[in-house]
**Q** 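Take this structure, written in structure tokens, and hold onto it; I'll ask about it next.
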Amino acid sequence: MRGLSVGGVSAERLARRFGTPLYAYDGDLLRARLSAFRRAFAGRDLLVCYALKANPLGAVARLLAREGAGCDVVSGGELGRALAAGFAPSRVVFSGVGKTEEEIVAGLRRGLYAFNVESADELRTLERAARRLKRPGRFAVRVTPGVKAGGHAHIETGSADTKFGVEPREALELCRKSRRSRFLRLVGLQCHVGSQILATGPYRAALKALLGLAGTLAAEGTRLESLDLGGGMGIGYDGGPGLDPAALAAALAPGLRGRPERLLLEPGRWLAGPAGTLLTRVVRLKDTSRRRFVVVDAGMNDLLRPALYSARHRVVPVAPRPGRAAPADVVGPVCETADFLARGARLPRLGAGDLLAVRDAGAYGSSMGSQYNSRPRPAEVLVSRGRAALARRRETPADLVRHEL
Ligand code: LLP
């Protein structure tokens, strides 16, 4: 019987060669998803700015940079990674409510496409830094259009109840104020209304809000270079298709018809999520009077999403197993009740050493990992055109104490 593979390479072989737990990414699928996304918007001036936070692994970032993607970064660390991976600075946007003056200076020196400014204070800081460096402070204002979207309260970002962006009225004020500075260059408006969004309606609503503001600014003589609708495009964690970029393009088409602005989108999960699989081996089975536990060698430190958001990832045996499926909790070795990868997964009878695959783990998997319980981070491999290459070595016990004095 054929087992599961990643990018055409048998998962069992990957696990034998690189050990478990292991993050394995399908580079061909990453490329295919980026081009499907772009194809959906063919004929429009679209810049896809990959949200690096979803998966900042160098091998993943380099692959997307080589394909000509742009990048959305949220820290000096991400900025450094993005530029090292080869993203052109003119295709990088810098988001986040807490950019420090140092981070802003670093971005200005490199000549980024735009800072997505999230407060009046940040705009003042940008102006000061741009004046000092005598560099143009290119920025977009991040607006909270009051659109509610997304899968979970922790990842809902489109309203004034969250720390992100500014409300429409303040956005206009910031745009107007910026005209008074020789060092600020307003390039556009941005919003990001949430994450794991499966419907196109929230994007249509967000676009409408941005176009309303753009209209007000145009009447005052201010033209925008770009409109950025952020990321958030959802995927089918249950095996379903997720948000279809062609449907998204179709939903936005009426609003965008005849508009001269360039469109920016910042997908993270949609590009990287389905391309990643977390491979983990069964350590042992354990039954209580109430539940069956499958204890595996990956834990919440490796994949936090189930514990943090009650996210449901499909967990499947890599080699098909005969026998009736029965509900089981797939749990890790971490000393927390929340340490589970799946609850009530329907799994066949398994044994120690069996290999399981946690699907759709390419986004916010490794990137949200930690060493909690002094667990070295797993190895990561990229499979591209039929070849698997180690992209990040498995951490060792020495790595756990490397920075301690
Ligand atoms: N742009 C901005 C400004 C963002 O804040 C985010 C995500 C993105 C783009 C990319 O969103 P995506 O396309 O990946 O949904 N850790 C959570 C997701 C947090 C998303 C934070 N911001 C999770 O595991 O579901």
Side-chain angles (χ1 to χ4, degrees), residues 30 33-34 37 47-56 60-61 64 69-75 78-79 82 92-99 113-119 122 139-145 147 149-159 162-166 188-199 202-203 206 210 227-237 242-243 245 248 263-276 278 300 302-313 341 358-370:
L30 271 172
R33 292 185 74 81
L34 176 62
F37 205 91
L47 177 60
V48 177
C49 290
Y50 168 58
L52 193 67
K53 64 173 84 67
N55 192 327
V60 166
L64 292 170
C71 192
D72 164 50
V73 303
V74 292
S75 67
E78 283 196 354
L79 177 60
V92 175
V93 295
F94 197 152
S95 308
V97 293
K99 298 175 202 84
Y113 178 72
F115 291 89
N116 289 333
V117 164
E118 308 217 17
S119 63
E122 183 188 336
F139 74 102
V141 177
R142 176 167 176 177
V143 188
T144 45
V147 175
H152 189 277
H154 288 185
I155 52 179
E156 192 271 314
T157 48
S159 78
T162 73
K163 67 180 176 177
F164 298 104
V166 299
L189 296 168
Q190 190 257 6
C191 65
H192 169 80
V193 293
S195 199
Q196 185 52 15
I197 301 171
L198 291 166
Y203 290 98
L210 294 196
L227 296 171
D228 181 343
L229 290 175
M233 300 80 190
I235 61 173
Y237 282 108
L243 183 69
L248 178 61
L263 177 66
L264 269 65
L265 294 170
E266 306 168 356
R269 183 193 321 268
W270 198 92
L271 293 176
L278 173 61
M300 65 189 290
D302 302 306
L303 181 66
L304 185 60
R305 304 192 69 259
L308 190 59
Y309 313 117
S310 305
R312 300 181 73 91
H313 286 256
L341 298 180
V358 185
R359 312 302 299 265
D360 300 309
Y364 308 109
S366 167
S367 69
M368 292 177 74
S370 76

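Indexing begins at 1, ligand by ligand and atom by atom, following the structure's order. These numbers were taken from a predicted model, which means no experiment stands behind them.
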**Q** Could you tell me which atoms of ligand 1, counted from 1 in the order shown, lie closer than 4.0 angstrom to a heavy atom of Ala51?
**A**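 By the 4.0 Å cutoff, the relevant atoms are 8 (C), 9 (C), 10 (C).
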**Q** Which one of Arg305, Glu266, Arg142 has a non-hydrogen atom at the shortest distance from atom 1 (N) of ligand 1?
**A**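 The residue whose heavy atom sits nearest atom 1 (N) of ligand 1 is Glu266.
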**Q** Within less than 4.0 angstrom of ligand 1, does Gly230 place any heavy atom?
**A**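 Judged by the 4.0 Å heavy-atom criterion, Gly230 does not count as contacting ligand 1.
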**Q** Could you tell me whether the side chain of Trp270 reaches within less than 4.5 Å of the side chain of Pro245, counting heavy atoms only?
**A**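 Yes; the side chains approach each other to less than 4.5 Å.
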**Q** Heavy atoms, side chains only, cut-off 4.5 Å: are Asp72 and Asp228 in contact?
**A**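 Side chain of Asp72 against side chain of Asp228, heavy atoms only: no contact under 4.5 Å found.
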**Q** State, with a plain yes or no, whether a side-chain heavy atom of Gln190 is found less than 4.5 Å away from one of Arg142.
**A**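 The answer is yes; the side chains approach within 4.5 Å.
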**Q** Any side-chain heavy-atom pair from Phe164 and His192 closer than 4.5 angstrom?
**A**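 When only atoms from C-beta onward are counted, His192 and Phe164 do not touch, as no gap falls below 4.5 Å.
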**Q** Report, in ascending order of atom number, the atoms of ligand 1 lying under 4.0 Å from any heavy atom of Gly232.
**A**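 Ligand 1 atoms under the 4.0 Å threshold to Gly232: 11 (O), 12 (P), 13 (O), 15 (O).
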**Q** Could I get the full list of salt bridge (charged side-chain N to carboxylate O under 4.0 Å, His left out) partners for Glu266, not counting sequence neighbours?
**A**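 In terms of salt bridge (charged side-chain N to carboxylate O under 4.0 Å, His left out), with neighbours along the sequence ignored, Glu266 is linked to no residue.
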**Q** Which atoms of ligand 1 sit under 4.0 Å from any heavy atom of Pro267?
**A**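 Result: 13 (O).
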**Q** Does even one non-hydrogen atom of Tyr309 get within less than 4.0 Å of ligand 1?
**A**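 Flag set, Tyr309 near ligand 1.
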**Q** Answer yes when Lys53 and Glu78 have at least one side-chain N-carboxylate O distance shorter than 4.0 Å, and no when they do not.
**A**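 Here Lys53 does not pair with Glu78 in a salt bridge, since their nearest N and O are not under 4.0 Å apart.
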**Q** With a 4.0 Å cut-off on heavy atoms, is Ala363 touching ligand 1?
**A**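 No, Ala363 has no heavy atoms under 4.0 Å from ligand 1.
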**Q** Near Asp72, which atoms of ligand 1 are under 4.0 Å from a heavy atom of that residue?
**A**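 In order of numbering, the contacting atoms are 1 (N), 2 (C), 9 (C).
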**Q** For the residue pair Arg359 and Tyr237, establish whether any side-chain heavy-atom pair is separated by less than 4.5 Å.
**A**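 In short, these two side chains do not touch, never coming nearer than 4.5 Å.
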**Q** Any nitrogen or oxygen of Tyr364, side chain or backbone, less than 3.5 Å from one on ligand 1?
**A**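 Yes, at least one N or O pair falls under 3.5 Å.
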**Q** So, regarding Ser195 and ligand 1 (criterion: nitrogen or oxygen to nitrogen or oxygen, under 3.5 Å), is there a contact or not?
**A**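 Such a contact does occur with ligand 1.
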**Q** If we only count heavy atoms from C-beta on, is the Ile235 to Gln196 side-chain gap below 4.5 Å?
**A**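 They are in contact (side-chain heavy atoms under 4.5 Å apart), so the answer is yes.
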**Q** Report, in ascending order of atom number, the atoms of ligand 1 lying under 4.0 Å from any heavy atom of Gly268.
**A**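 The list of qualifying atoms is 12 (P), 13 (O), 14 (O).
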